[in-house]
Protein chains: 2
Amino acid sequence: MASHAESKAERRARIIRAARALIRETGRTGLSMRALASRAGVSLATPYNLLGSKEAVLKALLEADLQEFREALPIPGSGDPIEHIFAAITVATRLYSTEESFYRALFLALFESDNVELRTFYGPDRQQFWAGLLREAVCTGQVLAGTDVAALARNIRYVFAGVLHRWATSSSRPGWIEAEIGYGVSLALCAVATPGAIGRIRARLNAYQERIAEHQTAEPAIPPESTASCRTASV
Amino acid sequence: MASHAESKAERRARIIRAARALIRETGRTGLSMRALASRAGVSLATPYNLLGSKEAVLKALLEADLQEFREALPIPGSGDPIEHIFAAITVATRLYSTEESFYRALFLALFESDNVELRTFYGPDRQQFWAGLLREAVCTGQVLAGTDVAALARNIRYVFAGVLHRWATSSSRPGWIEAEIGYGVSLALCAVATPGAIGRIRARLNAYQERIAEHQTAEPAIPPESTASCRTASV
DNA sequence: CCGGTTCTTATAACGCGTTATAAAAAGCGG
DNA sequence: CCGCTTTTTATAACGCGTTATAAGAACCGG
């Protein structure tokens, strides 16, 4: 029975490996189920049997990297939870930056699919990750007591997903992602920070804003009427 | 030459009208190019000639509603820009709520496509809309002077897109969208508000948070370990 | 080793978005 | 009204994700 499960797992691994290779070599468009099956030395039906769908293949790809992400993370529960949040952003975005074109293609492919849980980036486990850190921050007195951590965690995910999508579609310099996500998260945290904690977060906010300004690339040129200085609000 | 252009425009309008009807009747899945052409009494090639692609059809659908949105908006440049921002959120989300299933299907269809400018919800004009209001708010002294309004506007769009995506995929009660978007925007504005303006925004933040709590539906049940109360940060 | 169950394979098929092609139609300048 | 250009039409085709089908292989209990 070992060989049975093993050959199954090996085939599965081979499919995922082939998917990786195909994306790396040919980008998102090169990854078709027929090409994948052929590359993995397997029938067209097999990826469907073993993974379920094309989207599941992509999901499996990302899941493997998520493992890598988790291992690169500082020990959970130790240290300042707020610092932990920003460290997580750094680790994640740095992971994407190491193999830019691959993750761009992967994200683009993922964004195309209409899976419910995945498109929200990345589903409940992610939600819990942020919510857990935020709850800790409430405990340490860095975040106001009445805060709805679930709503806040959702907000972080919106920012994460939005920035990653923007990064995947428009081409921006590496380093931009971290600054942009960090900016959005600092924004949110500023609003719920206790007086004692707001100083460091605000400093982060300003630092991120400056880093964004340095990466002035993707945003379309400001149209003439917008460059005009303030008009008084009265008609 | 009038009849030429007219018949062209009329065909175009008929296609868009057919698209609306098809989505309304059969949802997102029922809108295929073949069905659309047939419904519009037109050849399969014609939508491609007149609109360009399926995505362009969807884009045109949304564009028409965007017009409706703009007209329902308070007069630009008049009144409190911060209030204007929240009013815009109300108007937009209310528009979606009037025909929930239609806009759900429309957004789902839009999210599926991989167009660069559209998936960022909704492109540069939107970006300018928020940026313009924020710039006004800087002028009125409600938003801190050094604020990067472009980055802030982008952040609002991330929230908008994220919430709409969540709304389109998971089913949540009408009214939730406005609260969730309002919450996210208040969060961001709190961080950049001047001392004089922060009071009203914080009040909004709390009000939205309460409204979100009332709509406790879509979020998956909190898993056991997360419900545990605070653990001290030390290992 | 055999019989039955389970999985893989090969292949065809479906509907999809999109493109190409040639014929028909419509518009317009003269 | 004719001829030229532009557009629409009908139809076939391509590759895609996915599913169905029947044949073959692999496994496992007895």
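The chains referred to below are lettered A, B, ... by the order of the sequence lines, with proteins before strands, and numbering in each begins at 1.
Using a 4.0 Å heavy-atom distance criterion, A:Leu50 is classed as a sugar-phosphate-only contact.
Residue B:Arg11 places at least one side-chain N or O closer than 4.0 Å to OP1 or OP2 of D:dT8. Taking only side-chain nitrogens and oxygens, A:Thr46 comes nearer than 4.0 Å to OP1 or OP2 of C:dT9. Proximity of B:Lys54 to the phosphate of C:dT18: no side-chain N or O atom is located under 4.0 Å from OP1 or OP2.
Each of B:Ser32 and B:Ala45 has a nearest nucleotide on DNA chain C; the 5'-most of these lies closest to B:Ser32.
Taking 4.0 Å as the cut-off between side-chain N and carboxylate O, B:Arg28 and B:Glu112 count as a salt-bridged pair.
To the nearest angstrom, P of C:dT18 lies 10 Å from CG of B:Leu44. Whole-Å rounding puts the A:Leu58 CG to D:dT18 P distance at 10 Å.
Distances from the side chain of B:Tyr48 to the nucleotides D:dA10, D:dT18, C:dG17 place C:dG17 closest. Relative to the side chain of B:Asn49, the nucleotides C:dT9, D:dT9, C:dG17 differ in distance, and D:dT9 lies closest.
The base of C:dG17 sits with one of its N or O atoms less than 3.5 Å from a complementary donor or acceptor on the side chain of B:Arg34.
Side chains of B:Tyr208 and B:Glu180: a donor-acceptor N/O pair is absent below 3.5 angstrom, by distance only.
Cation-pi geometry between A:Arg104 and A:Trp167 is satisfied (NZ or CZ under 6.0 Å from the ring centre, within 45° of the ring normal).
A ring-ring contact (aromatic ring centres under 6.0 Å, His included) with B:His165 is found for one member of B:Phe160, B:Tyr158, B:Phe111 and no other, namely B:Phe111.
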